[in-house]
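Data first, discussion second: the structure below is written as structure tokens.
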Amino acid sequence: MGQAARFLEEAGFSTVVLTPTHEFHRAVGIPRQAAIEYPYGRPVGQTGDREGQRQVLLASLEVLEKARKPGETWHLPFVWPEEPKNTDWHPPEMSPIIKAHLEEIKQARKKEAEAREVLPQRH
Amino acid sequence: MEKGERRVDGFRFLPPGLAAWIRTFIPQEEFSGRIPWTPVAKPLKDATMALVTSAGISLKSDRPFDMEREKREPLWGDPTYRVLPRGTTEKDIQVHHLHINLKPILQDINVVLPLTRMAEFEKEGIIGRLAPSAYSFYGYQWKGREFLKQAIEPMSRTMKEEGADAVFLTPA
């Protein structure tokens with residue numbers, strides 16, 4: 001989505017991305033983004049929650065107006081009402097890329113866990 | 001530059017292994033390259049807003065996004081796009097995406113493509129106008145930038161024709 005926003009800014013449109021993963025900005029360079037801690041597939045809010053959706057959209061539109069420089073991320077204050085394990089955002093079947101990279105995914109988790117164990121000993 | 005009182009954790013909803021793996025693709029340091037920029041030219045209340053989502057939404061009457069090839073080639077994602085006229089509701093759509101649960105979008109399109117909410121904002125004078133067309137492409141573009149040519153460039157031409165000033169984008 002970041003690449004699409006970059007293309008559109010280049011084409012003369014002002015953009016704002018409402019993103020559940022603002023960290024991708026560090027890889028892509030996204031012109032303006034509103035970061036939200038909501039599950040994948042529902043960045044605007046819960047189904048049927050008109051008022052909640054409106055609040056998120058108003059806050060996102062505000063980012064469009066108040067961002068002054070390329071690459072600004074504004075963190076939105078909204079909190080999803082369910083714990084991650086209860087959000088049911090996953091597809092019914094494991095996605096093809098995950099199936100194809102299960103070993104790498106396990107290794108990445110192991111490496112992070114090891115790094116976390118090592119870090120406190122250094123301090 | 002990051003702003004706001006609460007810092008969002010973009011990995012909170014991901015399983016730890018998947019989060020760790022994705023983090024291996026994201027640099028620790030800030031993005032230092034050039035970032036394209038079009039300053040906001042007019043107040044929102046006068047601006048025409050176009051909506052784009054990468055949720056893989058198409059009209060029931062249109063062709064669906066291609067999931068079969070991705071199942072055969074896990075690094076390929078459909079690089080095309082679909083137009084969704086304003087006024088489109090969940091009743092009019094099909095959704096194809098192998099990385100999320102589709103049910104919430106099929107129950108309420110506004111959770112990812114807020115056409116009804118933006119039409120309300122138009123009526124209330126919060127935005128000037130909602131553009132006649134909204135767009136969906138398929139956000140899983142692991143391999144290349146072909147989708148910019150096949151999807152984003154043609155949709156940007158229609159946006160120009162329809163007088164859009166600003167674009168609101170929602171990844172799935």
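In what follows, every chain begins at residue 1, and chains take the letters A, B, ... in the order their sequences are listed.
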#### Entry: Lys NZ or Arg CZ of Lys160(B) over Phe13(A) ring: under 6.0 Å, within 45°
yes
### Task
Check whether any side-chain heavy atom of Lys3(B) sits under 4.5 Å from a side-chain heavy atom of Lys66(A), and report yes or no.
no
### Message
The test is side chain to side chain contact (heavy atoms under 4.5 Å, CB included); show your working for Phe13(B) and Thr21(A) and say whether it passes.
### Response
CA-CA 10 Å; Phe13(B) 290 93; Thr21(A) 319; over 6 Å; no
### Message
What part of Gln33(A) gets within 4.5 angstrom of chain B, counting heavy atoms only: side chain, backbone, both, or neither?
### Response
neither
### Message
Under 4.5 Å from any heavy atom of chain B, what part of Arg50(A) do you find: side chain, backbone, both or neither?
### Response
both
### pair Arg6(A)-Ile152(B): side-chain heavy atoms closer than 4.5 Å
no
#### Entry: Most contacts with chain A, counted as non-hydrogen pairs under 4.5 angstrom, among Arg117(B), Glu2(B), Met159(B)
Arg117(B)
### Task
Show your working on side chain to side chain contact (heavy atoms under 4.5 Å, CB included) between Leu76(A) and Val8(B) and close with a plain yes or no.
CA-CA 7 Å; Leu76(A) 302 189; Val8(B) 168; 5.6 Å; no
#### Entry: Side chain / backbone / both / neither for Glu153(B) at chain A, heavy atoms under 4.5 Å
both
### Query
Transitively linked via ILVMFWY side-chain contacts under 4.5 Å: Trp74(A) with Val44(A)?
yes
### Message
Looking at chain A, which one of Glu90(B), Arg145(B), Glu30(B) has the largest number of heavy-atom pairs inside 4.5 Å, strictly under?
### Response
Arg145(B)
### When Pro39(A), Ala27(A), Gly52(A), Ala35(A) are compared by non-hydrogen pairs under 4.5 Å with chain B, the top option
Pro39(A)
### Query
In the single-linkage hydrophobic clustering (I, L, V, M, F, W, Y; side-chain heavy atoms under 4.5 Å), do Ile30(A) and Leu169(B) co-cluster?
yes
### Query
Are Glu93(A) and Lys71(B) within salt-bridge range, i.e. N to O under 4.0 Å?
no
## Note on the structure
dist Leu61(A):CG -> Ile127(B):CD1 (nearest 0.5 Å) comes out at 7.5 Å
### Query
Picking from Phe11(B), Phe137(B), Phe121(B), Phe147(B), which has the most non-hydrogen pairs under 4.5 angstrom with chain A?
Phe121(B)
### Query
In terms of heavy-atom pairs under 4.5 Å, which option from Gln107(A), Lys99(A), Arg68(A), Lys106(A) contacts chain B the most?
Arg68(A)
#### Entry: Per-residue contact mode, Lys110(A) against chain B (heavy atom under 4.5 angstrom)
neither
### Message
Counting only non-hydrogen atoms closer than 4.5 Å, can you tell me which residues of residues 18-25 of chain B sit against chain A?
### Response
Leu18(B), Ala20(B), Trp21(B), Ile22(B), Arg23(B), Thr24(B), Phe25(B)
### Message
Hydrophobic clusters here meaning ILVMFWY residues chained together by side-chain heavy-atom distances under 4.5 Å, can you tell me if Ile97(A) and Trp89(A) are in one?
### Response
yes
### Query
Does any heavy atom of chain B fall under 4.5 Å from the side chain of Phe7(A), the backbone, both, or neither of them?
side chain
### Message
Counting only non-hydrogen atoms closer than 4.5 Å, does Thr53(B) touch chain A with its backbone (N, CA, C, O), its side chain (CB onward), both, or neither?
### Response
backbone
#### Entry: Top of Pro16(B), Ser54(B), Gly4(B) for chain A proximity - count of heavy-atom pairs under 4.5 angstrom
Pro16(B)
### Message
Can you tell me which of Pro171(B), Pro114(B), Ala166(B) forms the most heavy-atom pairs within a distance under 4.5 Å of chain A?
### Response
Pro171(B)
### Message
Please say yes or no: joined through hydrophobic side-chain contacts below 4.5 Å, possibly via intermediate residues, are Trp142(B) and Leu102(A) part of one cluster?
### Response
yes
### Task
Check whether Tyr38(A) and Val16(A) end up in the same hydrophobic cluster, where Ile, Leu, Val, Met, Phe, Trp and Tyr are linked by side-chain heavy atoms less than 4.5 Å apart.
yes
### Task
Enter the distance from Thr170(B):OG1 to Leu57(A):CG here, rounded to the nearest 0.5 Å.
9.0 Å
### Query
Picking from Pro31(A), Ala11(A), Ala100(A), which has the most non-hydrogen pairs under 4.5 angstrom with chain B?
Pro31(A)
### Task
If a pair satisfies salt bridge (charged side-chain N to carboxylate O under 4.0 Å, His left out) and one of its residues is in residues 22-48 of chain A, list it, with sequence neighbours excluded.
Glu9(A)-Arg32(A), Glu37(A)-Arg6(B), Glu37(A)-Arg12(B)
#### Entry: Interchain contact, Ala34(A) with chain B, by part (heavy-atom threshold 4.5 Å)
neither
### Which of Pro70(A), Ala108(A), Gly48(A) touches chain B most, by non-hydrogen pairs under 4.5 Å
Pro70(A)
### Task
Would you please go through residues 99-112 of chain B and name the residues with a non-hydrogen atom below 4.5 Å from one of chain A, in numerical order?
His99(B), Ile100(B), Asn101(B), Pro104(B), Ile105(B), Gln107(B), Asp108(B), Asn110(B), Val111(B), Val112(B)
### Query
Side chain, backbone, both or neither: which part of Glu112(A) has a non-hydrogen atom closer than 4.5 Å to chain B?
side chain
### Query
Counting heavy-atom pairs under 4.5 Å to chain B, which of Gly12(A), Gly2(A), Ala5(A) comes out on top?
Gly12(A)
### Task
Could you tell me which portion of Ala164(B) (side chain, backbone, both or neither) has an atom closer than 4.5 angstrom to a non-hydrogen atom of chain A?
both
#### Entry: chain B contact via Val63(A) - side chain, backbone, both or neither, heavy atoms under 4.5 Å
neither
### Query
Checking heavy atoms, do the side chain of Arg72(B), its backbone, both or neither come under 4.5 Å from chain A?
neither
### Task
Tabulate, in ascending numerical order, the residues of residues 31-49 of chain B having at least one heavy atom closer than 4.5 Å to a heavy atom of chain A, or enter 'none'.
Phe31(B), Arg34(B), Ile35(B), Pro36(B), Trp37(B), Thr38(B), Pro39(B), Val40(B), Pro43(B), Leu44(B), Met49(B)
### Query
Checking heavy atoms, do the side chain of Thr47(A), its backbone, both or neither come under 4.5 Å from chain B?
both
### Message
Working note: Arg54(A) + Glu124(B), criterion side chain to side chain contact (heavy atoms under 4.5 Å, CB included); need CA distance, chi angles, decisive distance, verdict.
### Response
CA-CA 12 Å; Arg54(A) 283 173 63 93; Glu124(B) 294 163 22; 2.7 Å; yes
## Note on the structure
Interface check, chain B: of Pro43(A), Pro92(A), Pro20(A), most non-hydrogen pairs under 4.5 Å belong to Pro43(A)
